[in-house]
Amino acid sequence: MMNERYNPLDAEPKWRKVWEDQQIFLTRNDDPRPKYYVLEMFPYPSGRIHMGHVRNYAMGDVVARFRRARGYNVLHPMGWDAFGLPAENAARQNNTDPAQWTYANIATMRAQLKSMGLSLDWSREIATCDPSYYKHQQRLFLDFLKAGLVERKQSKVNWDPVDQTVLANEQVIDGRAWRSGAVVEQRELTQWFLKISSFSQDLLDSLDTLDRWPEKVRLMQKNWIGRSEGLRVRFAIDGAQKDSDWREIEVFTTRPDTLFGARFIALSPDHALSKHLAADNPALADFLAECARMGSTAEAIETAEKRGFDTGLRVVHPFDPGWKIPVYVANFVLIEYGTGAIFGCPAHDQRDLDFANAYGLGNTPVVCPPGQDAAHFVITATAYDGEGALINSRFLNGMSVEAGKAEVNKRLCASDLFGAPQATVTVNYRLRDWGISRQRYWGCPIPIIHCEACGVVPVPQEQLPVTLPSDVEFRQTGNPLDHHPTWKHVKCPICAAPARRETDTMDTFVDSSWYFARFTNPHLTDAPTDPATANHWLPVDQYIGGIEHAILHLLYSRFFTRAMQATGHVDLKEPFAGLFTQGMVVHETYRNASGDWLTPSEVRIEADASGRRAFALQGDSPVEIGSIEKMSKSRRNVVDPDDIIGAYGADTARWFMLSDSPPDRDIIWSDEGVQGAARYVQQVWRLIGDLAAAAAPPAASAPQDLALEAVAVRRLTHQHLLRVGQHLDRLRFNTVIAEIRKFSNALMGHLGEQAEPVSPGLAFAYREAADTLAILISPVMPHLAEACWEQLGHIRSICLAPWPEVDPALAIDDSVTLPVQVNGKKRGELTCPRDWDTAAIEKEVLQLEAVVKALEGRTPKKVVVVPLRIVNVVV
RNA sequence: GCCCCUAUGGCGGAACUGGUAGACGCGUCCGACUCAAAAUCGGAUUCCGCAAGGAGUGCUGGUUCGAUUCCGGCUAGGGGCACCA
C-alpha cells in the first residue's frame, strides 16, 4: 500500500507535460463528434493574472473537461484583448514600446495560465494587437461600410480631457470617464459610428430567445435599448410664413393623452431652431452658451435648476386654432432623444411642473386619479403620472389614459398640416449609434484615407493591414499617430494625389466583438472567418465572464454578429447561446494603527471561541480586521495566484475557488478555506490508495452475485455519479463539490468498517468506486485525478476516459424512508418498499407507535400521502 | 426618482416542480495519537431546556394538510438606469 503524501508541486508539472506532449487538448475542426464551444472572456494583458481570472478560467475549464468526457468535440481557446491605453501609459512613463510591453505581459500571463492546468487549445491563441488579427478587423470595417453599417458624422461627443480621447456613452459613468475618472466634457467632432441602432428592435426582440442568459443581464440590456412608443406631433408656428424653413416644431411624446394639459413647448439648446433664433438674439445666444458650459456630471444634473428662455414664438394647439402655446428653450431637453423638442404638460410630468412653476406658466390637470373629485383636483408641487379618467380635455373627457392616447393618435395622424399628417406614431430607442473613433496610438487603425479631391476613400483591401508605425513619440499629449512625421502621408488610392490617413484608431471594444468567431479558424490569412467553420462552431455554447460586461461587450458582440451576418462572414445572429456571469473574489481588509493597509501575507490571524484577531507579522502589533471587499491594489487585500499555486498547487486553488459559494455570487478568499481544500487533496489521495489496494484490476467484469455490502458500495457510486452530473449540467460547482465530498466521506466510512478479506464482489465495487471518484474530481482537480488514475493502474490519460454511465437501477433505492407528520409536525418515519401504494402506506402509518401516541386517541380526519415524499396525518 | 435582485446557524452556504430546514465546508469545543507542538484521526456544534419537549429561514399578514419555496404589505442590503419627454 502506498500512503505517502501527494506532492502537487512535483506532480502537477509532470502531468501538464504529458498533456502537452500528447497534444491532448488540440481541437480539430473536422472531428465528427458533436461540437461544444466553451469560452471565457479573454483577459487584458495587464501584466499578471489575478484571482478573478483564476475563478473565471477554473469554471470554464471544468465545463470543457466535463463536456470532453461526455463525448463532445470541445473548442476551448484563449487569447488576449491586447490593445488599450495602459500600454500607452506604460510607454509614456517608462519610455517602452507598447508592443514590447504587451507581448512581455502576454508571455508572463500565458505561463501563469499554463500553471493552472487549463485544458486550452493553445495552438489557437490570438492577440488582438497582432496585425494578423486586426487586418481582418479592418476588412470587417470596410465591409460594414459598404453595407451601410458605418457612418461618419459630426457629433457632440464625450471628451476625456485626461486621456485626450472620445468616449462612448457606455464608457461614461456618473459623468466621469470609466478609465481615467476625469469629468467628461462635451465637444463637437467628426467621428466614425457603427450603426448599432439599426438593429435596436432585433437586439431587443432576440433577448427573449436567450433563455440560457441570466435574467438580470437581459433586463439590463432591455433597459439600455430603452424602447418607448409614442407620437411625433408637428405644431405650426403662429404667424410663420407658409414657405419658411421654420414654420413648425416637431415634438416627441409618450403622453398624447395629456395634450389638453399643454402649457409650453421646450426646445433643446442644441436644437437647430434654437441656434437659428440665437443668430439674431444675443440674449438667447448667451443662454445657449451657458447651457453648453453646464457640466454633465450626476451632481451637476441633480442640482441644476430647470432654466429656460422665452423665444417669443408661439405655436398653435393642434386641436384648437385659437389656442397659442409659448415656445421656450430649456436646459433640460436633450437633443439626442426624440426630436430634441417636447411639449410640456406640467400637471402630469414632474420636470415640466418644476419648469412651469419656475416661470409661472401654471398647469391644467387632465388626468383625475381614481376616487378623486375632478372638480377639486389640483396640482401644486407634485405631478401626477398615474392612471385615471381624463378631464378638462373636451372630446377625451371620461376616457382612460390608454383610450385617450389611442384617440389622439387616430385624430392627429388623420389630420393634415402643410400637406403632411400632423402626427405619426413612432418608436424611440435610447440606444444610440456606437462611436468608435479614438485619438489613440495603441488600437486598430481605421483603414481610411482622406483625399482633398476624392473625399473619404477606403483603403483597398489588398493593401490591408494598415499597420501601426513602431517609431512613435509619446511625450506630447494627444494622438501619437497624428504627430508622426511620415505615417499619415499617403497617396490617394483613387487619384494618387497626396492624401492623409485617418489617424483615429478603433475603440478596443471592437476588438473583443468578434474574437469568438476568429477562434474557430484563427490563422486563416485571407479572410476574418471561413463561414463554414464559423457556422459549425458558433454560437458559443457556454460563455463565462464578469457581470461588468453585461451591457457593453455583450451588446456590441450581439451587434457585430448581426453585422457579420449581413456581410456574409457568419450566418447567425446571436453569438452566445449560454451566458454565465461569475461573482467577484473578495477578501478581508487589514489596517494597522497608523491606518495603513496591510496585505494578507503581512498578517497573522489568531482565532478562538471569542473571535478572530489579527497581528502584523512585522512587530506583532494588533491589526484591525476590516470589511470584506473586492480584491484591489488600493486596499492591498490581494492574494497572488502564483503564491497560492506555488504553495498548494493549482488543484487546491481550483477546488477552493469553486467550493463554498455559488459561482454567480462573490466568493470570500480565506486562508482557512484554502487549507481545507489542500487537506482534501491528501484525503482523496489516501482514499484512492486504500481503494486501489483492495480493488479488482482495471476493466474487471462484475462477478455474478454481489454480496449486500458490494451492492451498497455500487449504490453509493451511482447515486453520487448521478447527482454530480446533474449539478455539473447546471454549473452549480459548489454543490458539485459538496456531492463529491459526500461520496468520498461515505467511501471512507465504508472502508473503515470493512473487515478483511475483501470478497470478489466488493473488490469489483471498490474498483468502480475508485475509478468513478477519480473521474468525478478530474474536471476540477485534473492533476490529482491523473495521479489517482495512474495509481489505479490505468495507462492512458484520464482526460481520454469517458464519463461513466449511471445505472438507474443502482442510482435509485428500492426502499424509501418517508417522514411521517401529524398535523405538519414530524413524529416518525416509515421505511417501506418503493412501490407501495397509498392505501398500504396509510394503513402502516396509522399503526406506528409515534403516530398512535401523537394522536392521543383522536381519529384522523385525513391522511395525506405524497408518493416517495412524505405522509401527513391530519387531525 | 424608476426598475431589478437578495435576506437561512458563529461564518460561506444546501434544500429538485410546495414535502424531514441547516447537506457540504470553514471556525470553535471535546477526545485519540505525541514528551510537546504541528499534521492526522474520531466526536459534538441552530436556539431555549437536565430532560420530555418547544421555538426557528429579515418583519408581518394570507393561501395550503403542509411555506425557506407561492401571494399581499413592510424593513434592510446590493445592483442597473437616470432631466430619455
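Computed from heavy atoms alone, side chains included, the values below leave out hydrogens, waters and symmetry copies.
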Taking atom P in both B:A44 and B:A23, compute the distance separating them and give it to the nearest angstrom. 12 Å
Please walk me through it: do A:Thr831 and A:Thr817 pass side-chain hydrogen bond (donor to acceptor under 3.5 Å, both in side chains)? CA-CA 4 Å; A:Thr831 301; A:Thr817 300; 3.0 Å; yes
Check each of A:Phe656, A:Tyr648, A:Trp655 against A:Tyr680 using the ring-ring contact (aromatic ring centres under 6.0 Å, His included) test, and report the only one that passes. A:Trp655
On a heavy-atom basis, which atom in A:Ile325 and which in A:Phe235 lie closest, and how many Å separate them? CD1-CE2, 4.2 Å
Scan side-chain atoms only and decide if A:Arg227 and A:Gln201 contain a donor-acceptor pair under the 3.5 Å cut-off. yes
B:U6 and B:U68: how far apart are their C1' atoms, nearest whole angstrom? 13 Å
Residues A:Glu739, A:Arg723: salt bridge by 4.0 Å N-O rule: yes
Take atom CG of A:Asp664 and atom P of B:U6, then tell me their distance rounded to the nearest Å. 10 Å
Check nucleotides 45-47 of chain B for protein N or O atoms closer than 3.5 Å to its own N or O atoms and list the pairs.
none

So, do A:Val329 and A:Phe287 sit near enough that their side-chain heavy atoms are less than 4.5 Å apart? yes
Can a cation-pi geometry be assigned to A:Arg5 and A:Trp685, taking NZ or CZ under 6.0 Å from the six-membered ring centre and within 45° of the ring axis? no
Assess the side chains of A:Arg741 and A:Gln683: does a donor N or O sit below 3.5 Å from an acceptor N or O? no
Taking donor-acceptor contacts at under 3.5 Å, does the side chain of A:Lys861 reach the base of B:C65? no
Using every non-hydrogen atom in the two residues, find where A:Ala266 and A:Ala330 come nearest and quote the distance to one decimal. CB-CB, 3.8 Å
Under 4.0 angstrom, heavy atoms only, what part of the nucleic acid is A:Arg827 near: base, sugar-phosphate, or nothing? sugar-phosphate
Select base, sugar-phosphate, or nothing to describe what A:Arg307 touches, counting heavy atoms under 4.0 Å on all strands. nothing
Shorter than 3.5 Å, N or O on both sides, protein versus nucleotides 2-5 of chain B: list them out with atom names.
none

Do other residues, nucleotides or ligands put more than 12 heavy atoms under 6.0 Å from the CD atom of A:Glu229? no
Between A:Arg665 and B:G13, is there a contact of a side-chain N or O with OP1 or OP2 at under 4.0 Å? yes
Identify, between A:Lys825 and A:Gly338, the residue whose nearest nucleotide on RNA chain B lies closer to the 5' end. A:Lys825
Looking at residues at least two apart in the chain, or sitting in another chain, which of them share a ring pair (Phe, Tyr, Trp, His ring centres under 6.0 Å) with A:His348? none
Could I get the full list of ring pair (Phe, Tyr, Trp, His ring centres under 6.0 Å) partners for A:Phe332, not counting sequence neighbours? A:Phe355
Of the listed B:C81, B:G12, B:G13, the closest approach to the A:Ile551 side chain comes from B:C81
Between B:G13 and B:G61, how many Å separate the two P atoms, rounded to a whole number? 29 Å
When you check the gap from the basic side-chain N to the acidic O, do A:Arg612 and A:Glu588 get nearer than 4.0 Å? yes
How far, in whole Å, is B:U46 from B:C41 if one measures between their C1' atoms? 27 Å
Give me the distance, rounded to whole Å, that separates B:G58 from B:U75 when you measure between the C1' atoms they each carry. 7 Å
Quick one: classify the glycosidic conformation of B:G9 as syn or anti, with syn meaning within 90° of 0. syn
Test item: side-chain donor near acceptor, A:Thr254 and A:Ser228, under 3.5 Å: no
So, A:Phe733 versus A:His727, ring centres under 6.0 angstrom or not? no
Looking at B:U40, I'd like to know if its phosphate oxygens (OP1 or OP2) sit under 4.0 Å from a side-chain N or O belonging to A:Arg686. no
Please measure how far the C1' atom in B:A7 lies from the corresponding atom in B:A14, and state the result in whole Å. 16 Å
No-hydrogen, no-angle side-chain donor-acceptor test under 3.5 Å, A:Arg232 and A:Thr339: no
Side-chain N or O of A:Arg732 less than 4.0 angstrom from OP1 or OP2 on B:A15? yes
Students often get this wrong, so: under 4.0 angstrom with heavy atoms, is A:Lys222 touching a base, only sugar-phosphate, or nothing? nothing
Protein-nucleotide distance (A:Leu658, atom CG; B:G12, atom C1'), rounded to Å: 14 Å
Pairwise P distance for B:C47 and B:C11, with rounding to whole Å: 11 Å
Check: protein-nucleotides 19-26 of chain B nitrogen or oxygen pairs below 3.5 Å:
unit_1, atom_1, unit_2, atom_2, d
B:U20, O2, A:Lys826, NZ, 2.8
B:A23, O2', A:Lys742, NZ, 2.8
B:G25, OP1, A:Asn745, ND2, 3.1
B:C26, OP1, A:Arg679, NH2, 2.7

A:Glu588 CD to B:G27 P: how many Å, rounded? 13 Å
Rounded distance in Å - CE (A:Met584) to C1' (B:G79): 10 Å
In whole Å, measure the gap between the P atoms of B:G10 and B:G62 for me. 28 Å
Are there runs of at least three consecutive Watson-Crick or G-U pairs touching RNA chain B, with each pair's two distances under 3.5 angstrom? Give them by first number. B:1-7 with B:75-81, B:10-12 with B:24-26, B:27-32 with B:40-45, B:46-48 with B:53-55, B:58-62 with B:70-74
Value in whole Å for how far the P atom of B:C83 lies from CZ of A:Phe264: 17 Å
